[in-house]
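Here's the structure we're looking at; comments come further down.
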Amino acid sequence: QVQLAESGGGLVQAGGSLRLSCAASGSFDRIATMAWYRRTPGNERELVATIGSSGITNYADSVKGRFTISRASASNTVHLQMNSLKPDDTAVYYCNVLAVSSGRYSPTWGQGTQVTVSS
């Protein structure tokens, strides 16, 4: 099983910055992919950024140039550095990891951390 610990959410003024962190622990062989999603009330979760085991990253168009996803494989931790935050970035942010154990791929979702950007 995989357990995720998220941190870094909070309240920030427009133009400010936050850094989200997600640490994976438990029993698994490796983590194939780590990603961040976000959701606002009444909307589906949308992908914000993802990073693969090779280090290749992908970003939603709305956050390109402002957000940076990074991965520390030694500690199985993913970070999301969010700069130049806008009120539209307000959402619950969820960490997602795709772990591999004995050839099995298992997705795990974090509980979510609230990010609120005031204008």
Side-chain angles (χ1 to χ4, degrees):
Q1 61 180 4
V2 180
Q3 296 177 333
L4 302 179
E6 299 180 350
S7 63
L11 174 65
V12 66
Q13 296 185 50
S17 299
L18 287 172
R19 185 173 187 254
L20 305 183
S21 298
C22 176
S25 62
S27 179
F28 52 86
D29 296 329
R30 64 182 179 90
I31 294 176
T33 304
M34 307 187 82
W36 288 97
Y37 291 74
R38 67 186 182 186
R39 184 184 67 84
T40 56
N43 296 320
E44 299 292 327
R45 277 194 284 211
E46 64 171 341
L47 189 147
V48 177
T50 183
I51 184 167
S53 59
S54 65
I56 297 176
T57 59
N58 286 284
Y59 297 92
D61 288 340
S62 60
V63 306
K64 286 182 179 178
R66 299 188 297 119
F67 291 10
T68 302
I69 188 170
S70 61
R71 179 175 178 174
S73 59
S75 58
N76 291 313
T77 301
V78 63
H79 304 284
L80 185 68
Q81 178 66 46
M82 305 184 293
N83 298 325
S84 301
L85 283 163
K86 306 174 181 179
D88 286 348
D89 294 319
T90 296
V92 178
Y93 285 71
Y94 297 88
C95 177
N96 175 269
V97 302
L98 186 63
V100 184
S101 180
S102 299
R104 303 171 185 172
Y105 287 73
S106 302
T108 301
W109 290 95
Q111 294 183 353
T113 182
Q114 177 70 47
V115 172
T116 302
V117 184
S118 62
S119 60

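- Counting heavy atoms from C-beta outward, Asn76 and Ser25 have side chains that stay 4.5 Å or more apart.
- You'll find the side chain of Trp109 stays beyond 4.5 Å of the side chain of Val2, heavy atoms only.
- Note: His79 NE2 to Trp36 CH2 = 9.5 Å, rounded to the nearest 0.5 Å.
- Under the 4.0 Å criterion applied to side-chain N and carboxylate O atoms, Lys86 and Asp89 are not assigned as salt-bridge partners.
- Distance check: Thr68 OG1 to Leu80 CG gives 8.0 Å after rounding to the nearest 0.5 Å.
- Rounding to the nearest 0.5 angstrom, the gap separating the SG atom in Cys22 from the CD atom in Glu6 is 5.0 Å.
- With a 4.5 Å cut-off on side-chain heavy atoms, Tyr94 and Asn96 do not count as touching.
- Of the inter-residue distances, the one linking Ile31 atom CD1 with Ile51 atom CD1 reads 11.5 Å to the nearest 0.5 angstrom.
- In the hydrophobic cluster analysis, where Ile, Leu, Val, Met, Phe, Trp and Tyr join through side-chain heavy atoms closer than 4.5 angstrom, Tyr37 is grouped apart from Val63.
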Could you walk me through whether Phe67 and Leu85 pass the side chain to side chain contact (heavy atoms under 4.5 Å, CB included) check?
CA-CA 9 Å; Phe67 291 10; Leu85 283 163; 3.8 Å; yes
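- The shortest heavy-atom contact between Ala14 and Ser119 is CB-CA, 4.4 Å.
- Of all heavy-atom pairs between Ala23 and Thr77, the closest is CB-OG1, 3.7 Å.
- When all heavy atoms of Tyr105 and Ala32 are compared, the closest pair comes out as CE2-CB, 4.1 Å.
- Applying the side-chain hydrogen bond (donor to acceptor under 3.5 Å, both in side chains) test to Thr116 and every residue at least two apart in sequence or in another chain returns Gln114.
- Ser102 OG to Asp29 CG: the interatomic distance, rounded to the nearest 0.5 Å, is 5.5 Å.
- When hydrophobic clusters are built by joining Ile, Leu, Val, Met, Phe, Trp and Tyr residues whose side-chain heavy atoms come closer than 4.5 Å, directly or via intermediates, Val12 is grouped together with Met82.
- Annotation: salt bridge (charged side-chain N to carboxylate O under 4.0 Å, His left out) contacts of Arg19 (sequence neighbours excluded): none.
- For Ser62, the side-chain contact (heavy atoms from CB on, under 4.5 Å) test picks out Arg38, Ala60, with sequence neighbours left out.
- Across all non-hydrogen atoms, the minimal contact from Ser84 to Ser17 is N-OG, 4.3 Å.
- Annotation: the span from Ser53 atom OG to Met34 atom CE amounts to 11.5 Å, rounded to 0.5 Å.
- Between Val92 and Gly112, the closest heavy-atom pair is CG1-CA, 3.8 Å.
- Side-chain contact between Gln1 and Ser106: absent, with no pair of heavy atoms (C-beta onward) separated by less than 4.5 Å.
- Between the side chain of Arg71 and the backbone N or O of Gly52 there is at least one donor-acceptor pair closer than 3.5 Å.
- Ile69 and Tyr93 fall within the same hydrophobic cluster, where Ile, Leu, Val, Met, Phe, Trp and Tyr residues are linked whenever their side-chain heavy atoms come under 4.5 Å apart, directly or through other members.
- The hydrophobic clustering, which links ILVMFWY residues whose side-chain heavy atoms are closer than 4.5 Å, places Leu98 and Tyr59 apart.
- Scanning all heavy atoms of the two residues, the minimum distance from Leu20 to Gly9 falls at CD2-N, 3.5 Å.
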